[in-house]
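Here's the structure we're looking at; comments come further down.
Below, chain A is the first sequence line, B the second, and so on; all start at residue 1.
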Amino acid sequence: MSAFLDVADVSVSYGKLNAVRDISFSLDQAQIVTIIGPNGAGKTTLLKALVGGLPSTGKVAFEGHDISRLEPEERAECGIFLVPETRALFADMSVYDNLILGGYIRWRDRAGIAHDLDQVFGLFPRLAERRTQQAATLSGGERQMLALGRALMGRPKLLMLDEPSLGLAPIVVREIFKIIAGLRSHGVTILLIEQNARAALETADVGYVLETGEIVHRGEAKALLRDPRVLETYLGGSSQS
Amino acid sequence: MNLDIAILLIEDGLASGAIYVLMALGFVLVFNVTRVIFVPFGDLVSYAALTLASFQLQRTPGTIWLLVTLAALAILLEVLRLYRIGQFARLPRALVVWGVLPLLPVACTLLLDGFALPSYVAIPLTFALILPIGPLLYRIVFQPIANAPVLVLLMVSVALHFAVSGLALMYFGPEGMRTTPLVQGAFDLFGIAISASLLLIVGVAAALSIALLLFFRLTLTGKALLATASNREGARLVGIRTATTSAAAFLVAGIIATVAGVLISPMTTIYYDTGLIVGLKGFVGSVAGGFVSYPLAALGGVIIGQVESFSSFYASAFKEAIVFAAVIPVILARWLWASNAHIEEHDEE
């Protein structure tokens, strides 16, 4: 029970529909874990439930503490950050304000925030150029950089990313995955949802396949990449292309 | 009408306009952060004015009983919540925030009961008594239904107004009160007589508006409030406690209502239900800004003040009707403007 994140029998239902059913898995520290699966499999629902944004049953333990009944803001204080598919940026505020608010939970640490701000601007020079611009005026790629940068400002221990490559140019996608891999070497644990299953499995250590609200395959990411069932359904194996 | 009367009306309109500006800003703030149209906002103005008047008459303001009741309810809710999530370690903090802080001014009031309080004691004490009401109302009434649709929040808000206003009738009685003027005298500016109280009202309203602007621009708490207004989900994801920022919005509304109450109480006799009308006029002002824009809401407040002042001269029987009817062309204009903008947006696609 000493796993970094321990998810036990988590279910989420929308009315009578069970979007996620009795999901259990665990994460070790500084691991990249990816969850792949078709649209509507419940991936986004699962992430939302893990940050407390949706009512769910079951138990979630983080660093040995039960966080099942904590509010999203309390989970953020524990170091759990989600970059949602919608990005949830503060659209009418500046890039700079968005990033500063990312460091909200450690507002006392002024020097640390200034340092991290430089780091984020170093990772995403485009954001530095647009620091006074309103978030709403950014391009799709820039918004996703801002959403990722904002989450990084909170110094996450566990970072959950919902479709970070959605709608991005291939060159930016490579950049984002390089950054994700770099975060792991800094001890950040990452839970990644990706429609780009190949890129996700190539970066990840462990992979899960979610179908209709249940985990149907699990294993080392490298093994899943060679698994014929996964290959065929999600990696455009023999049947497609 | 001659120039002298016009100047008089403009001055009158400026004074009430300054109050409506403050109210309009308060409505926009509370609505943006919490999606609540805070109907009892105006009642807080009555409470502030009547509390200050009670002090001047050496009576015990009924506000203290409201605070005691609200604090007790808030503590009860907080204990239940902590029990439900099994976090009893946080109980002392909750007791301080929802019990000790609101009851401190009550204790001060009871200790000073029967003494003739000078303004520099009575006014701060009035602030201390009114400020907790907003956050307490939020904690008890709105926080449990924070995710409800706007219409539900509005209905609850209207019901809350009747409760708060009814209690004001019980605490202060049906008769009106007026406080002694804070400043007196007048001076001459290029041949125009300007009363010191007009200057005080406009000056304080401007200073408070600027202070609000600086609060939002420069402080992290202010930015957290804006962030909650901008994207509630995003705010929670970065660890902003939206329950706290919402309570903070109600606290700021309480500051605004108290300032407004203290400023208007020497100008006009305040009854337990006067605040509603003052609030509604501020509300009309904020509609001009589409309930989103602070500068437009402030401008709306200024204009409402002038419309009211001039219509009271030309058609005093229809004064209120004209002011509230003024919202219709504003809404029409905004709607036309918005649908035009919408069409242009579609053209681009």
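- For L89(A), the part lying under 4.5 angstrom from a heavy atom of chain B is the backbone only.
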So which N and O atoms of chain A and chain B form donor-acceptor pairs under 3.5 Å?
{"unit_1": "R69(A)", "atom_1": "NH1", "unit_2": "R84(B)", "atom_2": "O", "d": "3.0"}
{"unit_1": "E71(A)", "atom_1": "OE1", "unit_2": "R236(B)", "atom_2": "NH2", "d": "2.5"}
{"unit_1": "E73(A)", "atom_1": "OE1", "unit_2": "R236(B)", "atom_2": "NE", "d": "2.8"}
{"unit_1": "E73(A)", "atom_1": "OE1", "unit_2": "R236(B)", "atom_2": "NH2", "d": "3.1"}
{"unit_1": "E73(A)", "atom_1": "OE2", "unit_2": "T242(B)", "atom_2": "N", "d": "3.3"}
{"unit_1": "E74(A)", "atom_1": "OE2", "unit_2": "R90(B)", "atom_2": "NH1", "d": "2.9"}
{"unit_1": "E74(A)", "atom_1": "OE2", "unit_2": "R90(B)", "atom_2": "NH2", "d": "3.1"}
{"unit_1": "E77(A)", "atom_1": "OE1", "unit_2": "R241(B)", "atom_2": "NH2", "d": "2.7"}
{"unit_1": "E77(A)", "atom_1": "OE2", "unit_2": "R241(B)", "atom_2": "NE", "d": "3.1"}
{"unit_1": "E77(A)", "atom_1": "OE2", "unit_2": "R241(B)", "atom_2": "NH2", "d": "3.4"}
{"unit_1": "L89(A)", "atom_1": "O", "unit_2": "N231(B)", "atom_2": "ND2", "d": "3.3"}
{"unit_1": "A91(A)", "atom_1": "N", "unit_2": "S230(B)", "atom_2": "OG", "d": "3.2"}
{"unit_1": "D92(A)", "atom_1": "OD1", "unit_2": "S230(B)", "atom_2": "OG", "d": "2.8"}
{"unit_1": "D97(A)", "atom_1": "OD1", "unit_2": "K223(B)", "atom_2": "NZ", "d": "2.8"}

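- Between I105(A) and G239(B) the shortest heavy-atom distance is CG2-CA, 3.7 Å.
- To the nearest 0.5 Å, atoms CG (L101(A)) and CG (L220(B)) are separated by 6.0 Å.
- Here the closest non-hydrogen pair linking F90(A) and V238(B) is CZ-CG2, 4.3 Å.
- Heavy atoms of A229(B) lying under 4.5 Å from chain A are absent altogether.
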